[in-house]
*Asks:* 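Quick one: the structure is below, questions incoming.
Values below: all heavy atoms of this structure, side chains included; hydrogens, waters and symmetry mates excluded.
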Amino acid sequence: MKPIKTTIFTKPSLFIMTAPLLTCVLLSGLSALAPVTGASAQTVDKTPKEKTTFQTAGAWKPVTDIRSDLVMVYGMSDSFGQRLKSWRDHGYHAHYMTGIAWGEYQDYFTGKWDGLWHLDEGQKTMQGDTIWHGHLIPYIVPTYNYLSYFKIRNIKPAIDQGADAIFLEEPEFWARAGYSEAFKREWQQYYGFPWKPQHESAENTYLSNKLKYHLYYRALDESFRYAKAYGKTKGMNVKCYVPTHSLLNYSQWQIVSPEASLASMESCDGYIAQVWTGTSREPNYFNGVVKERVFETAYLEYGCMESMTRPTHRKMFFLTDPIEDRAKDWSDYKRNYQATFTAELMWPAIDNFEVMPWPDRIYEGLYNESAVSKRKIHIPRFYSTQMQVMINALNDVPASDSRVSGSHGISIAMCNSLMFQRSFQPIEGYDDPQLSNFYGEALPLVKRGVPVSILHLENTGYADTWKDVRVLLLSYSNMKPMDEAQNRNIAQWVRQGGVLVFSGRDKDPFQHVHEWWNTNGKSYKAPSEHLFELMGIPQEADQGRYQVGQGSVYVIREDPKEYVLTSGADKQLVSTVRRAYEDDAKAGKLELKNSFCLKRGNYLLASVLDENAVSDKPLVLKGLFIDLFTNTLPVVTQKIVLPGEQAFLYDLSRIKDKNRPQVIAAASRQYDEHITANSYSFVSKSPKNTTNVMRIFLPKAPVNVRIDALKASYKWDKRSNTLLVGFENSPDGVAVRINWK
């Protein structure tokens, strides 16, 4: 995600909490909270983890001290070492992050690097215009010469100053680019024949985008192998990650990137899934209506990213952003942040998070007060408090074997070649508005409460890819298998009992591009003909059901976009999937509903879907909960979630040790926790100019509460055995001590 300049923060008015019911004793210093000693004392284990991170181009400052485990310090400059040290001095493990497709690399483009200007290596459009990211900052055609510069001027100094993890973000080549002299030279070298303008045909478009994919795969592999080799010379084990948008979003935005192929790259240790409101609010079609569907799109985006690393066991961080790049209002940001936050936690195998990008713009930026007011204000206190409760929960949310409610075992196939068929101008015989050939398979099920997963064709050779997959939805209308092994792996899975639902007319012009299924002695008119032949069914199979070994294939001769571009047109797909799931896969009854729910550790998540053909009723959750989407952390026994809304609750019934005091929710992070038979103490840290609210679970009602803050309040809730505490945050720490009899 790209840095954005922000304005200076102005301190808003103080948020005053409920008046206390107990006497508040204010301490004058931290010394009054010296660690408890003696046989009955227990020090809570707080071993540093690498679970949460954030990115910033700035040095440490008290207003952005968000207390994650890690920080990614952005951009190489003369101040990099100083910025890195400032975060380390405040307890962070600091890494290096920069863009690989753009950045402050003017010394390369203007000739300071090797005496030659390299602006011809910028990505250019058909009109010959360079695509710029900023002044003298073009999006880059990553030539070998550029990579030599990049390694020496960016990676080497980062490692020299102790950064043992390198994050190279957003390897992006625009679909509308491909006309620069540098790109033409790379074309000749890669394909062995002269460059062809991509706008002239579907085949040229496909070949151009395939080359763009290759160039950034090569760029990352070169950079990461260098980082690891150079790190070894200094006795360091350097980790290498790619922060990237999802394949789904890049395909929608017409950007090409290596995506799923990086999950098996030897030099790549993992990803950050850059999914946030800005990507997930991209409109899509469902039931004939095009509009934003933020939760559903985010759910599919995170699922797309999760499935890339599931069989290759690389590390994945999920990102959310409390605001976004586009200027909106605070209520819009809050509503969509809750939707994307819930969506990311619906994938319980992932428990590493980038809790926010660019805290400077979040805490210090000015945005519209509301949808009807253009007055620019800083983040409201109620929102910064809620946001910090949410990001601190991410330090605690565990990985889990729990599963989202609903019928599991249905996957939708994706492939990097989704990006190859994207064009900046219409292609005769091809139309895929808003990536409807993907959403046509996904939204009819997601909108009916079916927790579909994603399967990447690049991973079909891994046994773990097929674990728990009972029904696979596949279409070659908007993507093509990138090698014949992918078809062979699918055919083998079907023969062994899998159920395939194939949708497609196979009439689009990309079926005829110069590729493996029609070269080197093969003459298939479409890659599906090769797949069908492998499964022993007619190459041009008519619509219907076919028995294949122990499995079966359903062929629907419609492109998936037809299921969503017209109102009510998805019934055939849903009916076919139901039959495939229940009768062929024998996976049980296909449950259709209007909600997703997940229990994850002590947390309960829910999302209720609108536009639902099954029900328009709200979801009613009953129990004893703390509502984490409310800045006052109320105790509730019933939570009503309306269609189009989400919930994030702490379930008090899931606390295992009722004798152990603990902070169960807070807009701060706790340190130096100490427990005795009748006391609990800790130091609470969070950014300056923010308000803390905490729910503290205690075995007994407190008789004395001491808080080292000028303004503080607290209130005991007997029903939940929790103490609600509030005070102004401090990055230096606020000491709290509680006693009971």
*Asks:* By side chain to side chain contact (heavy atoms under 4.5 Å, CB included), which residues pair with Val636, not counting sequence neighbours?
*Replies:*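 For Val636, the residues satisfying side chain to side chain contact (heavy atoms under 4.5 Å, CB included) (neighbours in sequence not counted) are Phe625, Pro634.
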*Asks:* Within a radius of less than 6.0 Å around CG of Asp89, do more than 12 heavy atoms belonging to other residues, nucleotides or ligands occur?
*Replies:*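 Correct, the count exceeds 12.
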*Asks:* Quickly, which of Arg281, Arg361, Lys328 forms a salt bridge (Lys or Arg N to Asp or Glu O under 4.0 Å) with Asp321? Name it, please.
*Replies:*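 It is Arg361, the one option of Arg281, Arg361, Lys328 that forms the salt bridge (Lys or Arg N to Asp or Glu O under 4.0 Å) with Asp321.
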*Asks:* Among Gln386, Lys639, Glu645, find the one that has a side chain to side chain contact (heavy atoms under 4.5 Å, CB included) with Phe629.
*Replies:*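 Among Gln386, Lys639, Glu645, the one meeting side chain to side chain contact (heavy atoms under 4.5 Å, CB included) with Phe629 is Gln386.
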*Asks:* Kindly write out the residues that satisfy side chain to side chain donor-acceptor pair (under 3.5 Å) with Asp610, not counting sequence neighbours, or none if the list is empty.
*Replies:*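 By the side chain to side chain donor-acceptor pair (under 3.5 Å) rule, Asp610 matches Lys447.
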*Asks:* Please check if atom NZ in Lys315 has more than 12 non-hydrogen atoms from other residues, nucleotides or ligands closer than 6.0 Å.
*Replies:*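 Atom NZ in Lys315 is crowded, with more than 12 foreign heavy atoms closer than 6.0 Å.
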*Asks:* Between Trp87, Phe167, Tyr363, Trp358, which is the residue that forms a ring-ring contact (aromatic ring centres under 6.0 Å, His included) with Phe54?
*Replies:*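 Only match with Phe54 under ring-ring contact (aromatic ring centres under 6.0 Å, His included): Trp87.
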*Asks:* Please identify each residue that fulfils side chain to side chain contact (heavy atoms under 4.5 Å, CB included) with Lys376, with sequence neighbours left out.
*Replies:*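 Lys376 satisfies side chain to side chain contact (heavy atoms under 4.5 Å, CB included) with Leu366, Asn368 once adjacent residues are dropped.
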*Asks:* May I have the step-by-step check of ring-ring contact (aromatic ring centres under 6.0 Å, His included) for Tyr337 and Trp276, ending in yes or no?
*Replies:* CA-CA 8 Å; Tyr337 179 43; Trp276 76 101; over 10 Å; no
*Asks:* Would you say CG of Asp657 has more than 12 non-hydrogen atoms from neighbouring residues, nucleotides or ligands within 6.0 angstrom?
*Replies:*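 Yes, CG of Asp657 has more than 12 neighbouring heavy atoms, counting only those of other groups under 6.0 Å.
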*Asks:* Using the test ring pair (Phe, Tyr, Trp, His ring centres under 6.0 Å), find all partners of Tyr250 that sit at least two apart in sequence or belong to another chain.
*Replies:*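 Partners of Tyr250 by the ring pair (Phe, Tyr, Trp, His ring centres under 6.0 Å) criterion, ordered by chain and then number, come out as His245.
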*Asks:* Would the distance check show the side chain of Arg448 and the main-chain N or O of Leu443 forming a donor-acceptor pair, the cut-off being under 3.5 Å?
*Replies:*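 Answer holds: no.
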*Asks:* Quick one: do Lys51 and Asp351 make a salt bridge, cutoff under 4.0 Å?
*Replies:*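 Answer for the salt bridge query: yes.
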*Asks:* Using side chain to side chain contact (heavy atoms under 4.5 Å, CB included) as the criterion, list what pairs up with Lys658, not counting sequence neighbours.
*Replies:*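 If we apply the side chain to side chain contact (heavy atoms under 4.5 Å, CB included) test to Lys658, skipping adjacent residues, the hits are Ile655, Phe697.
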*Asks:* Can you tell whether the side chains of Lys291 and Glu611 come within less than 4.0 Å, N to carboxylate O?
*Replies:*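 Result for this pair is yes, salt bridge flagged.
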*Asks:* Which residues pass the side chain to side chain contact (heavy atoms under 4.5 Å, CB included) test with Glu369, not counting sequence neighbours?
*Replies:*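 Counting only residues at least two positions away or on another chain, Glu369 forms a side chain to side chain contact (heavy atoms under 4.5 Å, CB included) with Ser373, Arg375, Ile377.
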*Asks:* List the steps and the verdict of salt bridge (Lys or Arg N to Asp or Glu O under 4.0 Å) for Asp708 and Arg706.
*Replies:* CA-CA 7 Å; Asp708 182 29; Arg706 293 185 290 175; over 6 Å; no
*Asks:* For Asn249 and Ser246, run side-chain hydrogen bond (donor to acceptor under 3.5 Å, both in side chains): C-alpha distance rounded to whole Å, both residues' side-chain angles, the deciding distance at 0.1 Å, then the answer.
*Replies:* CA-CA 5 Å; Asn249 176 256; Ser246 70; 5.6 Å; no
*Asks:* Can a salt bridge be assigned to the pair Lys334 and Asp332 using a cut-off of 4.0 Å between side-chain N and carboxylate O?
*Replies:*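 Not counted as a salt bridge, because no side-chain N and carboxylate O are separated by less than 4.0 Å.
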*Asks:* For Thr297 and Glu282: C-alpha separation, side-chain torsions, deciding distance, then whether side-chain hydrogen bond (donor to acceptor under 3.5 Å, both in side chains) applies.
*Replies:* CA-CA 8 Å; Thr297 303; Glu282 182 68 21; over 6 Å; no
